[in-house]
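Since we're looking at a predicted model, the values are computed, not measured.
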Amino acid sequence: MRSIRRYSAVLILALVSICSTAGGAQEPTPTPAEVAPEQKEQAYTKLMEGQRLLWKTTRTRSGSANNAINARAAFRRAVELDPDLAEAYTAMAEIALSLPPGDVENAILLATLAVKIDHDNFGSHRILARLFTFKSRFNSGSLDPAFADKAIAEWKQVSRLDPRNAEAWAFLSEYYSQAGRASDQIDALRKWIASATPVEMQFYRQAMGGRGDLSPETASIKLGTALISAGKADEAVEVLSAVVSDSPDNAEAVDLLREALETAGPKAVSIALVSIEQAVYADPANSALVGLLSQAHLRAGHPDQAVRVLREAAEHSEKTDKGIASQFQMQVGDVYASTDKVSEAIAAYEKALSKRGIKENQAVADADREFVIQVFEKMIKTYKSANRLADARVAIERARKLLGKDDLFADRQTIDFYRETGRRTDALAIVRTIRAKRPGDYGLLRLEASVLTEAGQVDDGVALINALIAKPPANVLRPLIGNNLKAPTANYDDFTNWLFISHLYAAAGRENEATNAANQAFSVAGSDERRQLAKMSLASVQQMAKDYAGAEATLRAILKQTPGNPIALNNLGYFLLERNERTTEALDLIRKALKVDPTNPSYLDSLGWAHFMLGNFVEAEKNLRSAARMDPSSVTIHEHLGDVYGKEGQSDKARSSWQRALTLAITSDDVSRLRSKLKK
């Protein structure tokens with residue numbers, strides 16, 4: 001038995017503190033003498049009496065306060081008889097919290113005494129863990145590090161005494177997440193999954209702002225998210241596949257699994273296929289699951305299977321819900337488009353319109369408008385990627401008739417078409433016509449500035465944006481942007497305007513002005529995130545001005561602050577490729593960016609170019625074609641694709657891609673370089 005002599009002074013102070021909060025009643029003072037066996041027995045009897053009274057407070061409404069007070073008296077008598085009875089201090093700590101107004105400090109003191117007497121006292125470690133969690137301002141966005149460390153230490157003790165305690169592992173995983181300790185977070189989440197689901201979850205829910213529970217399914221969702229963030233897509237697929245198989249209606253798990261599949265390897269995709277097929281069999285009407293199964297087949301290299309799944313779902317749904325059936329049919333078109341089967345893709349999109357009941361000679365109902373816009377946007381992009389520009393123009397005019405003259409979709413598509421085919425004067429005329437009708441539309445204002453820049457009038461474009469900065473007098477604004485322009489929003493404030501000006505100058509090849517504008521954006525950023533955006537713009541200009549060391553230093557500083565920043569990762573990787581330096585490192589950086597955003601066309605272009613530099617022309621072509629499908633208006637992507645075709649000996653395709661890039665080019669350097677390639 002532990003001796004009380006070491007703790008007597010501390011216990012006396014604690015008991016005096018307790019009495020000072022309990023109306024001044026004098027508490028018995030523990031003595032350093034050894035406790036006789038009879039006293040120990042009496043103390044234990046009082047402990048049981050207090051526990052019974054405490055139990056009644058949770059089971060009956062009437063007299064609960066009196067029961068708690070009487071229980072506290074019994075526990076005090078127990079420690080008077082045996083000051084070494086740790087359970088009594090734990091019970092008094094619970095009562096200190098339960099009686100209004102709730103004495104947190106005395107509860108901490110009593111629980112601390114209990115664990116000093118008995119280091120393995122589970123109840124007091126849990127009380128301390130919860131109270132330190134509360135005092136750490138957990139989940140408030142402003143964590144107190146000192147109390148957070150204490151909470152972590154106590155939750156570790158709870159997990160030591162009860163290795164399957166879900167609450168302990170849940171809180172540890174959250175603290176590790178906030179501290180950026182990814183491996184510790186993942187380990188804690190795995191142990192949470194293996195834990196028993198507790199009956200009592202009130203404190204966890206309260207700490208989490210009323211969200212979530214302590215079930216293994218919740219832990220699996222969190223683990224899947226953490227694994228995706230850590231770039232462990234294969235492991236995430238395995239975890240999330242099990243959740244989807246067991247709970248097909250868990251929309252969050254389905255969305256996360258879809259994200260993980262985008263970068264998962266073949267083995268993980270095969271595992272996911274089995275689980276998703278089981279889930280679809282259990283819930284065949286779940287459109288999200290059907291779409292996920294199609295995606296998994298496509299990732300596994302089974303495009304025909306992906307189409308079959310979607311077609312069967314469309315036919316099954318047509319009798320009950322034509323809207324869902326048309327969505328499935330539209331996804332059939334997406335599968336064909338992703339595999340460059342243009343005619344099949346267009347036919348599928350047309351069938352999607354038909355299933356929806358869309359007819360050429362009838363106006364589109366408001367409920368169908370968004371769907372029609374989606375389908376035509378996909379059709380137009382598919383035609384452009386196949387260089388079937390006349391067909392793209394016909395599709396734009398069809399959309400105009402269906403959507404009506406007041407809808408801007410067709411006008412915006414026409415503007416893009418003219419920009420991409422070098423007819424920038426025509427594009428500018430349409431923009432100005434629309435802006436005359438909608439002078440308060442900032443998006444249209446920036447569009448006009450962009451088209452002016454492409455037409456060689458960057459100063460006029462910048463003047464439009466300059467007029468918005470710092471809210472100049474109305475007589476300055478009116479001649480430039482009209483009388484009806486509203487006050488700037490967060491998306492169009494001084495910071496974003498300076499950043500946009502930097503982009504315009506960079507597109508025109510005027511590095512000095514672009515640098516100055518990026519620095520102006522930095523000076524008014526107001527947040528770390530915005531300062532990083534300004535720095536990334538500055539790095540791009542530095543690279544353009546051949547200040548390679550400066551560009552690399554700027555991007556590495558950003559990555560030191562936020563290691564997973566996908567834009568900085570991609571840009572640094574691409575800049576290294578442009579200089580033909582550290583190609584293997586560049587490839588690794590770009591792959592990390594794609595793990596965060598797998599469908600970003602700029603990142604896919606960088607990946608394709610990395611494979612080109614390494615001589616992997618098949619992989620280069622595959623990634624660059626994907627990038628071109630997603631962004632058919634990029635000079636860089638088309639030029640890179642032409643370079644790949646040239647290396648592969650496909651001269652006609654190379655010329656076609658370079659010609660497309662030349663049509664889109666703005667700067668004299670781009671034009672000169674592309675003309676040289678076409679001559680050769």
Side-chain angles (χ1 to χ4, degrees), residues 217 220-221 224-225 228 236-237 239-262 264 269-300 302-339 341 344-358 364-379 381-382 598-599 630:
E217 185 173 308
S220 295
I221 297 282
T225 304
I228 291 171
V237 166
V239 171
L240 295 165
S241 293
V243 179
V244 169
S245 179
D246 293 338
S247 304
D249 58 342
N250 191 317
E252 186 177 5
V254 171
D255 287 342
L256 284 170
L257 182 53
R258 179 181 293 107
E259 183 179 349
L261 279 172
E262 289 176 344
V269 172
S270 298
I271 292 171
L273 266 173
V274 174
S275 297
I276 300 167
E277 283 174 341
Q278 291 174 352
V280 171
Y281 181 80
D283 188 5
N286 189 320
S287 58
L289 276 176
V290 172
L292 182 60
L293 179 57
S294 172
Q295 179 195 352
H297 276 302
L298 197 58
R299 286 284 293 115
H302 312 147
D304 292 341
Q305 286 287 82
V307 168
R308 179 187 60 78
V309 167
L310 292 168
R311 279 183 170 160
E312 287 178 358
E315 291 171 6
H316 179 76
S317 305
E318 192 164 11
K319 297 176 184 177
T320 56
D321 193 326
K322 291 186 180 297
I324 291 178
S326 61
Q327 288 283 353
F328 284 135
Q329 188 60 45
M330 180 172 68
Q331 290 177 47
V332 170
D334 294 344
V335 173
Y336 281 132
S338 71
T339 54
K341 293 185 176 181
E344 292 89 337
I346 296 299
Y349 291 139
E350 294 286 6
K351 194 170 182 179
L353 292 171
S354 176
K355 282 185 181 293
R356 192 81 168 206
I358 306 301
V364 175
D366 289 342
D368 295 326
R369 185 171 291 275
E370 185 177 347
F371 176 78
V372 170
I373 288 173
Q374 266 189 309
V375 172
F376 272 97
E377 190 169 33
K378 290 172 183 291
M379 289 174 67
K381 185 176 284 189
T382 301
T599 59
M630 295 174 191

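The main-chain N or O of Y336 is found under 3.5 Å from a side-chain atom of T339 such that the two form a donor-acceptor pair. Under a 3.5 Å cut-off, the side chain of R356 and the backbone N or O of V372 do not form any donor-acceptor pair.
For A260 against V237, the heavy-atom pair with the smallest separation is CB-CG2, 3.7 Å. Of all the heavy atoms in Y349 and A337, the pair that sits closest is OH-CB, 4.0 Å. Across all non-hydrogen atoms, the minimal contact from E262 to P598 is OE1-CG, 3.1 Å.
When the side-chain contact (heavy atoms from CB on, under 4.5 Å) test is applied to D249, the partners found at least two apart in sequence or on another chain are S247.
For CD of E252, the number of neighbouring non-hydrogen atoms (other residues, nucleotides, ligands) closer than 6.0 Å is 12 at most.
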* To do: Apply the test side-chain contact (heavy atoms from CB on, under 4.5 Å) to residues Q295 and L298: give CA-CA distance (whole Å), side-chain angles for both, the deciding distance (0.1 Å), then the verdict.
  => CA-CA 5 Å; Q295 179 195 352; L298 197 58; 5.6 Å; no
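Atom CG of L273 is separated from atom CG of L292 by 9.0 Å, given to the nearest 0.5 angstrom. To the nearest 0.5 Å, atoms CG (L310) and CD (Q305) are separated by 11.0 Å. Between I276 atom CD1 and N286 atom CG the span is 11.5 Å, to the nearest 0.5 Å. Distance OG/S326 to CG/D368: 8.0 Å, rounded to 0.5 Å.
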